[in-house]
Structure formats: C-alpha cells, structure tokens
Amino acid sequence: MARRLRPVGLDFVETAPLRLVFAREVAASPEAVFHALAEDVSGWSEWFSAVTLARPTQDGAGREVRLRGGTRFEETVLAARAPEVYAYRVDVTNAPGARALVEEWRLTPAGKGTRVQWTFATDGAVPFRLALKLGRAGLGRAFRDAVMALDRRLASTHA
C-alpha cells in the first residue's frame, strides 16, 4: 500500500535521524555523471541494477522509480545544479516504515574524473531504521556497483 511521506527539504540531508553516505571515484567528468543522473533519468535502469523503471514526471520536476522486488517511489526533485548536485525527496512509497527520505548525489572533480557521493537520508519507524543499518553494506555494494556500471557506460558512449 502506497503511503505519503513527510515533505522535507534539502536540509534534511544534514539533519536526518539516519544518514548513510557512500563515495566512489570514477573516470567520467562531473558533467557526464550529472547528465546521466539528472537529465537521462530513464537511463538509470541501464546502470543501476536495482532500478527496473525510472522516468521523469511533472516536466522533470519529479520522478517515478520502481525497484526490483516491487518497491515504488514518487519523487520531487529538490536540487539539480549542474554539475554539482542532484537531489530528490520521496513523496509516496510502498516501502513499509519510511516516514521521510531524501537522496543526494554530490559530484566533485577528482583529478580528471569525479568523486561521486551519495547520501541516503531518512527517518522511519524503528524496524525500518534498524533494517537500513543492518543493510548498510548491501546498499554500499549496490552504490559501488551502480557507479562503476555508470562509469563503464559513460566511457563506452564517449569513446
């Protein structure tokens, strides 16, 4: 059953009760990574294996995302500042226990490539927060695998 989450702002990335932060360096430029994140939303399923569908909504101000296993999200884009930050808030989801959720992708130059930092900021019922803490390693692996697949995809399209 889909539920509406608490509408939080971009500052929630810093103030959330649970923040999971992952970072990885890639060879692609910040501009190329930003384009893939913010402007080629439907391409997410090509490099993020957990994503089965991603599409922009509301003329790019929102997103609809579906994950393997049936989890669904309706999101509002909070920030799209090329080539530095892309962030969105989950407004509606069928994930049990979630109360508020913002994801932020921060891109900084690293040599000739990019340092990609993903912050998963959330609040939810105690079992939800506990499950995320226990699943931190799995989320980290999913992030690492996705970013590396994105880097390979960008290298092949810009070769």
Student: Between S45 and T52, does a side chain to side chain contact (heavy atoms under 4.5 Å, CB included) hold up when you go through it step by step?
Tutor: CA-CA 5 Å; S45 61; T52 61; 5.9 Å; no
Student: So do the side chains of V65 and L53 get within less than 4.5 Å of each other, counting heavy atoms only?
Tutor: no
Student: Indicate yes or no: does E74 engage R72 in a salt bridge with an N to O separation below 4.0 Å.
Tutor: no
Student: Counting only pairs under 3.5 Å, give me each side-chain donor-acceptor contact of residues 7-30, with atom names and distances, residues two or more places apart or in other chains.
Tutor:
residue	atom	partner	partner atom	Å
T15	OG1	D11	O	3.4
R19	NE	V13	O	2.5
S29	OG	A32	N	3.1

Student: For the backbone of A95 and the side chain of R3, can you confirm whether one donor and one acceptor N or O come within less than 3.5 Å of each other?
Tutor: yes
Student: Sort out for me which residue in V33, T119, V85, V116 forms a side-chain contact (heavy atoms from CB on, under 4.5 Å) with W105.
Tutor: V116
Student: Just by modelled atom types, is the R63 backbone N or O under 3.5 Å from a matching donor or acceptor in the T57 side chain?
Tutor: yes
Student: With side-chain contact (heavy atoms from CB on, under 4.5 Å) as the test, pick out the partner of F73 among L67, N94, L5, V92.
Tutor: L67
Student: Just distance, no hydrogens or angles: give the donor-acceptor pairs under 3.5 Å from side chains in residues 121-132, sequence neighbours left out.
Tutor:
residue	atom	partner	partner atom	Å
T122	OG1	A100	O	2.8
D123	OD2	R6	NH1	3.4
R129	NH1	G124	O	2.8

Student: Do E75 and V90 come within less than 4.5 Å of each other through their side chains, counting heavy atoms only?
Tutor: yes
Student: Residues two or more places apart in sequence or in another chain: which of them pass side-chain contact (heavy atoms from CB on, under 4.5 Å) with E39?
Tutor: F34, H35
Student: Check the surroundings of atom CZ in R141: do more than 12 heavy atoms from other residues, nucleotides or ligands lie under 6.0 Å from it?
Tutor: no
Student: Taking C-beta and beyond as the side chain, do Y86 and V77 meet within less than 4.5 Å on heavy atoms?
Tutor: yes
Student: Do the ring planes of W47 and W44 sit parallel (below 30°), tilted (30 to 60°) or perpendicular (above 60°)?
Tutor: tilted
Student: Is F48 reachable from V102 through a run of I, L, V, M, F, W or Y residues, each pair having side-chain heavy atoms under 4.5 Å apart?
Tutor: no
Student: Between D91 and R4, is there a side-chain heavy-atom distance shorter than 4.5 Å?
Tutor: yes
